[in-house]
Amino acid sequence: MQPYIEVSQLSKTYGNHLVLDQLDFRLESGEIVAILGANGAGKTTFLQTLLGMLRPDQGQIQLFGQPVGALKQQMSLRGKIGVMLQQASLPGNLTGREHLQLFSAYYPAPMPTADLIANFGLASFIDQRFSTLSGGQQQSLLFALAMVGKPQLLFLDEPTVGLDVTARQAFWQHIRAAAAAGISVILTTHYLEEADQLASRILVLKDGHFIADASPTALKAQSLLRRIDCHSSLDSALVASWPYVRQVEVIGANPSADGEGCQRLLIDSEQPEQTLRQLLALDLALSQLSVQPLSLEHAFLQLTANQGAMA
């Protein structure tokens, strides 16, 4: 099957700074791909080149098998794509309903306005002027505008930046619903939890290169660190002094039946098997033991640290 996006040897330079360095990338039908990277890593530049908004210095970009330049001439190609950019701005004096009606006029078969209002929870503020809407309300409207043309492919550039936790989680539901409807999504974000919750595949961009391309589960599994969760009477400082133990966190303290202190320890170790042997040898009453990979945040930090200082 033809990929939705196919990129070959893509490079882009600003002045003397090489932002994108001979990148290769493919997006297939049904994928949600999150692009991670530090601020200034080139995430937005990458999206803008994919959309034809920036001209690359080198490389080829195809969308649905056609050169990206065809977006300017072919309404049929543009209709397959929905876009929500971080720096998007709309006339503040128009209402949400007026914006939906205006955008709908650009497409031959747009999603009905009533469906957009219902699907994206706009009813309570649809007749308010854009300038009066909260950040979360504005983002919901911008997402609805990206969906007007019933796209097959959705570009989202930092869509939840600045939103509170409740608004961010509500927005995640919009993205999940789009994916459930068969829409492929390419998402830039600096919220690692967001990528972990939504993406089927994560790419990490650093120094112009993709230094990782894997599912969230596989990316977390690449980390050498594991978290050991247990209840123990051992002194946490002693455990922290062992080789391969990165850190120890104490969660509460409860007296055991014999009066000795028993506490929950969260132990991050690069050699969990060796650490477990020491725990079992020194604490015969060790209980409630489990070993898990660390979070995506820990995996990301370890990955980028291994690649040198972050950009």
Side-chain angles (χ1 to χ4, degrees), residues 5 7 10 12 14 17-21 23 25 27 31-51 53-54 82-89 134-140 142-143 146 153-176 178-179 184-223 225 293-311:
I5 303 174
V7 174
L10 178 66
K12 179 64 180 178
Y14 287 116
H17 180 46
L18 184 60
V19 180
L20 307 177
D21 187 7
L23 295 182
F25 173 73
L27 179 72
E31 289 191 291
I32 301 180
V33 174
I35 311 293
L36 299 182
N39 289 334
K43 302 186 298 294
T44 296
T45 297
F46 181 61
L47 246 62
Q48 290 177 340
T49 58
L50 296 185
L51 289 166
M53 299 170 64
L54 292 175
V83 181
M84 181 178 170
L85 296 179
Q86 183 181 358
Q87 301 300 325
S89 61
S134 69
Q137 290 170 339
Q138 289 186 356
Q139 293 298 84
S140 293
L142 289 169
F143 189 87
L153 172 61
L154 193 58
F155 289 85
L156 303 175
D157 184 22
E158 302 281 4
T160 64
V161 67
L163 300 187
D164 61 30
V165 173
T166 300
R168 184 176 299 127
Q169 291 182 345
F171 199 91
W172 291 354
Q173 293 304 316
H174 294 330
I175 298 174
R176 291 189 182 103
S184 293
V185 179
I186 178 168
L187 162 77
T188 70
T189 181
H190 64 270
Y191 295 119
L192 299 176
E193 182 187 6
E194 184 162 274
D196 199 6
Q197 288 285 330
L198 299 175
S200 55
R201 179 177 157 211
I202 292 175
L203 283 78
V204 180
L205 183 61
K206 183 177 184 294
D207 294 336
H209 299 279
F210 288 128
I211 61 173
D213 182 353
S215 70
T217 300
L219 196 60
K220 286 182 282 190
Q222 290 176 18
S223 173
L225 288 173
L294 288 183
S295 67
L296 182 62
E297 179 179 3
H298 286 90
F300 175 80
L301 291 173
Q302 185 176 40
L303 175 66
T304 52
N306 290 342
Q307 291 287 330
M310 291 181 64

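In what follows, residues are counted from 1 in the order of the sequence shown.
Looking at Gln137, its side chain does come within 3.5 Å of a backbone N or O of Ser134 through a donor-acceptor pair. In this structure, the side chain of Glu158 engages the main chain of His190 through a donor-acceptor pair within 3.5 Å.
Between the side chains of Glu194 and Thr160, at least one donor-acceptor pair of N or O atoms lies under 3.5 Å.
Atom CG of Asp157 and atom OG1 of Thr188 lie 3.5 Å apart (nearest 0.5 Å). Taking CD of Gln48 as the start and CG of Leu54 as the end, the distance is 4.5 Å to the nearest 0.5 Å. Within the model, atoms CZ of Phe171 and OG1 of Thr166 stand 15.0 Å from one another, a figure rounded to the nearest 0.5 Å. Interatomic distance, Met84 CE to Gln139 CD, rounded to the nearest 0.5 Å: 3.5 Å. For the atom pair Arg201 CZ and Asp213 CG, the distance stands at 4.0 Å (nearest 0.5 Å). Ser184 OG to Leu154 CG: the interatomic distance, rounded to the nearest 0.5 Å, is 9.5 Å.
Ring geometry, Phe143 versus His174: the interplanar angle falls under 30°, so the pair is classed parallel (tilted spans 30 to 60°).
Inter-residue side-chain proximity for Leu10 and Lys12 is flagged as unmet; no heavy-atom pair is nearer than 4.5 Å. A 4.5 Å side-chain heavy-atom check between Leu50 and Ile186 finds at least one atom pair inside the cut-off. Counting heavy atoms from C-beta outward, Val33 and Ile202 have side chains that stay 4.5 Å or more apart. Side-chain contact between Leu187 and Pro159: present, with at least one pair of heavy atoms (C-beta onward) separated by less than 4.5 Å. Residues Ile5 and Val7 form a side-chain contact, since some pair of their non-hydrogen atoms from C-beta on lies under 4.5 Å apart. Contact check for Leu36 versus Leu205: no side-chain heavy atoms found under the 4.5 Å cut-off. With a 4.5 Å cut-off on side-chain heavy atoms, Leu20 and Phe46 count as touching. Contact check for Leu203 versus Phe25: side-chain heavy atoms found under the 4.5 Å cut-off.
What you find for Thr189 and Ala195 is that their closest heavy atoms are CG2-CB, 4.2 Å. Nearest heavy-atom pair, Arg176 versus Leu198, reported as atom, atom and distance to 0.1 Å: CG-CD2, 3.8 Å. Heavy-atom minimum distance, Ile35 versus Lys43: O-CD, 3.4 Å.
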Residue pair Leu156, Leu85: steps toward the side chain to side chain contact (heavy atoms under 4.5 Å, CB included) verdict: CA-CA 6 Å; Leu156 303 175; Leu85 296 179; over 6 Å; no

